[in-house]
Amino acid sequence: MSSKPLFPATLEPERYELASPPSWVFESDRRFFFKFLGAGLFIVCTSSKAGAWQESGAIRRNSEDALPQEIDAWLHLGEKGEITVFTGKVEVGQNIRTSLSQAVAEELRVPFDSVRIVMGDTQLVPFDMGTFGSRTTPVMNLQLRRVSAAARDALIAIAAKLWNADPSHLSAADGKVLETGSHRSATYSELVQGQQITQLLPSEDPLIPPAQWTVAGRSLPKVDGRDFVTGAHRYPSDQKLPDMLYGKVVRPAAFNAVLLSADTSEASHLPGVTVVRDGNFLGVAAPSSALAAKAAAAVRATWKSDPQPSSSELFEYLKKNQLPPGDRGEGSRFEAGNVNSVLSAAQSRLQSTYNINYIAHAPLEPRAALAVWDGDRLTVWTGTQRPFGVRLELASAFHIPEQNIRVLMPDTGSAYGGKHTGDAAIEAARLARATKRPVKIVWTREEEFTWAYFRPAGVIEVTSATDPSGKLTAWEFHNYNSGNAGILTYYEVSNQLIEFHPAKSPLRQGSYRGLAATANHFAREVHMDEIAHSLKIDPLEFRVLNLKEERLRSVFTEGARRFGWNGPKPANHGYGVGGGYEKLGYIATFAEVAASRDGSIKILRVLTAFDCGAIVNPDGLRNQIVGANIMGLGGALFETVEFANGRILNDRFSKYRVPRFRDVPPLETLLLDRKDQPPVGAGEAPIVGLAPAISNAIYDATGIRLRSLPLSPLLVPQGRQIS
Amino acid sequence: MGLSTGAHKPEFYKRLTFRSPATLHLGCIAQSLTSTYSFSVWGVCMSTKTSLLINGQARDVEAEPDTSLLSVLREQLDLTGSKYGCGEGQCGACTVLIEGKARRSCITPLWSVVNKSIITIEGLARERHLHPVQQAFLDEDAMQCAYCTSGMIMSAVSLLNSKHNPSDTDILEFMQGNICRCGTYPRILAAIRRAASVAPEPRS
């Protein structure tokens, strides 16, 4: 049994939007923090030099030199028993406010609804690289469990001292410390009354094992759910301040265009309108969004741009425009054995090329920010997965120190990897500085579809060889531009050459749910299917034959059993499977499709078998798995960004099709709860199996092999053709 | 009403903002937000005064007649439960009830709703009692980021107003215009079925 990750977690090169690493700066003085929180118990961490790459807490990258002794407060238990936990992770719909509250309540032994979590407020929370890579559950959940366990132990120690009792006779439950064998008990608030106690997080502290969880491991509903069904919750785009203006950026006519001239006289004469020109930046601020739009339209700007490639020539372009190493991001190369000699001598050899189009995140809440200046101090509310990253962007944009900037992240209307950058924050702050008033910017849908970044397009070439027994003998895999995530194969093969080749991208590109793992799993799992069919071996059997990893075998075989993989089916139906290992989770997705005589395909059902270790919230997990599959339907079947000469052609929902109610086939989830394994994330991995499972099922039903994503812009899951 | 900071704990932030010298400016903001936000009138040339009937109350607004109802709700009346998602009536995030029927407020001009009953998500609950559709969304945990939720709920209320016991096909057809990017459609379907089973009173 293996509990070791197959591959180490690293920062994938295709996170292009993060290209400039944070140049670390000294933390702001946190002594004030203890003042305003008043009395009570604090659980804190100090910085250490341990760890080369740590995403949370006081340690920053590239900080091997002496750091100031920083103190990060993670938990505060106040005199009234109020519990406040601080984390740099943010809520974008993945429901970590709920799952993290469960972790805290579990270890601290308090009611679930007594926990409040402050998220993504750079002034209050410990440094955090950002909420991405499905790292919240493996890293932050563990951290908050440790912090909460330390608080519980500290409270027991306080009671032991107070009562002159043996700590081993004391226990904690329901917000109280109790003594075994006596009626003595004290609430947490009684224990911290009138004191300010600072407790350092111990390096080792036993945690409650998942098998004994009572609050974690349960299906609890979304924290603050009522605020969302009543419209009371304030998303970033809902934020408001007195005297606030509405900003709008005058966008260039094409990507990479240079502003030659701008006639702003008409716009400037509109009542209350300010026009700002700063280099290539051209924006307006007005007392209403309608007037801001009117003013932006009244600006007569001339832009100059060079001819740019279009989506019709995308894949040739990516192959022709590879970047030399180090130019933008790092390529990667993994080699074992001798691929060339095995491939050239092989009896059974297969070569295929897979194409992946750009797709857009299209979060339903577009990028939004509200910025306000007070002298040289800047405060910004914005929807971002990287509040500290946005703070750094603002610091460089305005040449002010990071400690002058506070970024707050209200729970946001989704992101899917698309909200890592601070574009709207910088735009709002620029207009706010010019007008000396608070300014809010909410991107239009067209802006969101054009000026955000896209999931990278890619070309993937795979060549493989097998021996007569059906064992893989060689595996050569080249990914052009799409990215490195999930590029390594989990199938056993002695001779491998796996290479990621960065290329010049016609569009701005960056992280997307699962990153390139979706593309790499698509190519690998479709290719495995192709080999299996060429060898006349059952595709599932062929996978298992070449697989040693026990947990991955389990999701394939358990999923197949539940799906009825070996069961009978009508002649026009097809079964397909795709799966793998991603973001520490094990996934296998099964699909059944039906082909009609008119050439249309209907997806009849999808089953996802998933193992992400010990399950923290089963219902929340199912919600993520089903959501990933539904989102994945779009990229698998019909989503694609069309562009020409520096412009996006399908920049709105009437032109860019996303999955809707009628597109959704029956979706079943099979959760493999591994209480013997640490919990890991689930937001991304479940998206990677769907596209290959559908493509393989279509082949099974029709004999037609689809090797491009989307599989077909005309393919409709529920069997309808669109014209 | 306060600035949402993700923590939903106003006392905490009041202490925070007033005591911390680094954030004194925020303290001022928090203080002024306790009074009703008044919209600065800039005397925009063509704007006219209009009275709207929103959530059972007459509300005065001042805007050009072709301004979208959505921007008036959000900017002038501080009813931010209705969301902007596309501006072309394609995603349903801005859905409100006009005379009991679901309408996309982002493409509804102000002039067209004068003297008509407008219900937004904020007007759906009665006192502390949630509308059955709101309650069903909670019971089914039919949300992730929940940005689409208010539009989904308003559309569902409209459907149930006109059809008390809709089939799954009715629900899917009616809800087709509402987008949830997080992919909670099956839960929303379950929530609407659940709400239908508790027979909501028709509301307009």
Side-chain angles (χ1 to χ4, degrees), chain A residues 32 35-36 84 91-93 95 116 118-121 123 221-222 224-225 228-231 233-235 237-243 271-272 287-291 362-365 374 377 379 408-411 413-414 442 444-445 619 623 626-627 630-631 652-654 658 660-662 664 667, chain B residues 3-9 12 15-16 19-23 25-26 29 32 37 40 42-44 63-64 67 71 75 78 80-81 83-88 90-91 93 120-122 125 130 134 137-138 141 143-150 153 172 175-176 179 181-187:
Chain A
F32 77 87
K35 276 187 217 148
F36 74 73
T84 314
E91 176 64 61
V92 287
N95 280 340
R116 289 276 170 253
V118 175
M119 298 179 123
D121 177 340
Q123 190 114 319
K222 186 177 177 73
D224 301 326
F228 293 98
V229 299
T230 56
H233 174 71
R234 299 267 170 167
Y235 290 87
S237 56
D238 301 330
Q239 300 296 325
K240 200 171 268 194
L241 288 173
D243 296 324
S288 73
S289 63
L291 194 55
L364 204 56
E365 181 181 34
D374 177 19
R377 291 187 172 276
T379 302
L408 298 99
M409 157 78 186
D411 293 7
S414 77
V442 181
T444 62
R445 180 54 56 191
D619 191 58
N623 205 347
V626 167
I630 292 173
M631 185 171 211
R652 48 185 72 192
F653 283 132
S654 53
V658 296
R660 290 175 182 266
F661 271 94
R662 284 195 309 229
V664 181
L667 296 164
Chain B
L3 284 166
S4 171
T5 54
H8 312 296
K9 200 168 183 197
F12 174 81
R15 292 174 67 186
L16 157 94
R19 289 200 190 179
S20 155
T23 56
H25 58 297
L26 281 181
I29 288 159
S32 42
Y37 171 61
S40 315
W42 282 79
V44 177
E64 294 183 33
T67 309
S71 63
E75 294 172 26
D78 203 28
T80 54
K83 306 300 183 195
Y84 168 86
C86 68
E88 54 167 352
Q90 283 285 321
C91 78
T120 70
I121 188 76
E122 291 90 345
L130 295 179
Q134 290 173 309
F137 270 66
L138 281 184
D141 217 3
M143 63 195 94
Q144 283 185 22
C145 82
Y147 191 79
C148 71
T149 303
S150 87
I153 289 174
L172 296 179
M175 300 300 292
Q176 184 71 356
I179 292 174
R181 290 292 289 140
C182 299
T184 63
Y185 297 123
R187 285 165 184 255

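Numbers restart at 1 for each chain; the letters A, B, ... are given by sequence-line order, proteins then strands. In this text, all values refer to a predicted model and were calculated from it rather than measured experimentally.
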Contact origin within A/D238 toward chain B - heavy atom pairs under 4.5 Å: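 Both parts, backbone and side chain.
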Proximity breakdown for A/V92 and chain B, heavy-atom pairs closer than 4.5 Å: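 Just the backbone, heavy atoms under 4.5 Å.
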Considering non-hydrogen atoms only, spot the tightest contact between [X] and [Y] and give its length.
X      : Y      : answer
B/Y147 : A/S237 : OH-OG, 3.7 Å
B/G85  : A/R445 : O-NE, 2.7 Å
B/C182 : A/S414 : SG-CB, 4.1 Å

Closest-packed option against chain B by number of heavy-atom pairs under 4.5 Å, given A/V442, A/L667, A/V658, A/V626: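 Option with the greatest count: A/V658.
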Choice from A/G627, A/A290, A/G93 maximising heavy atom contacts with chain B below 4.5 Å: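 Heavy-atom pairs under 4.5 Å are most numerous for A/G93.
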Nearest-0.5 Å distance that lies between atom SG in B/C145 and atom NZ in A/K222: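 Atom-to-atom, B/C145:SG and A/K222:NZ are 7.5 Å apart.
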Under 4.5 Å from any heavy atom of chain A - which part of B/I179: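 Answer is both: backbone and side chain atoms of B/I179 are under 4.5 Å from chain A.
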Set of residues satisfying side chain to side chain donor-acceptor pair (under 3.5 Å) with respect to A/S289, sequence neighbours excluded: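 If we apply the side chain to side chain donor-acceptor pair (under 3.5 Å) test to A/S289, skipping adjacent residues, the hits are B/E75.
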Side-chain ([X]) to main-chain ([Y]) donor-acceptor, under 3.5 angstrom:
X      : Y      : value
A/Y235 : B/T80  : no
A/N623 : B/M143 : yes
B/R181 : A/P363 : no

For the residue pair [X] and [Y], establish whether any side-chain heavy-atom pair is separated by less than 4.5 Å.
X      : Y      : answer
A/F228 : B/L138 : no
A/D619 : B/R187 : yes
A/R652 : B/E88  : yes

Partner set under side-chain contact (heavy atoms from CB on, under 4.5 Å) for B/C148, not counting sequence neighbours: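 Residues passing side-chain contact (heavy atoms from CB on, under 4.5 Å) with B/C148: A/L364, B/M152, B/C180.
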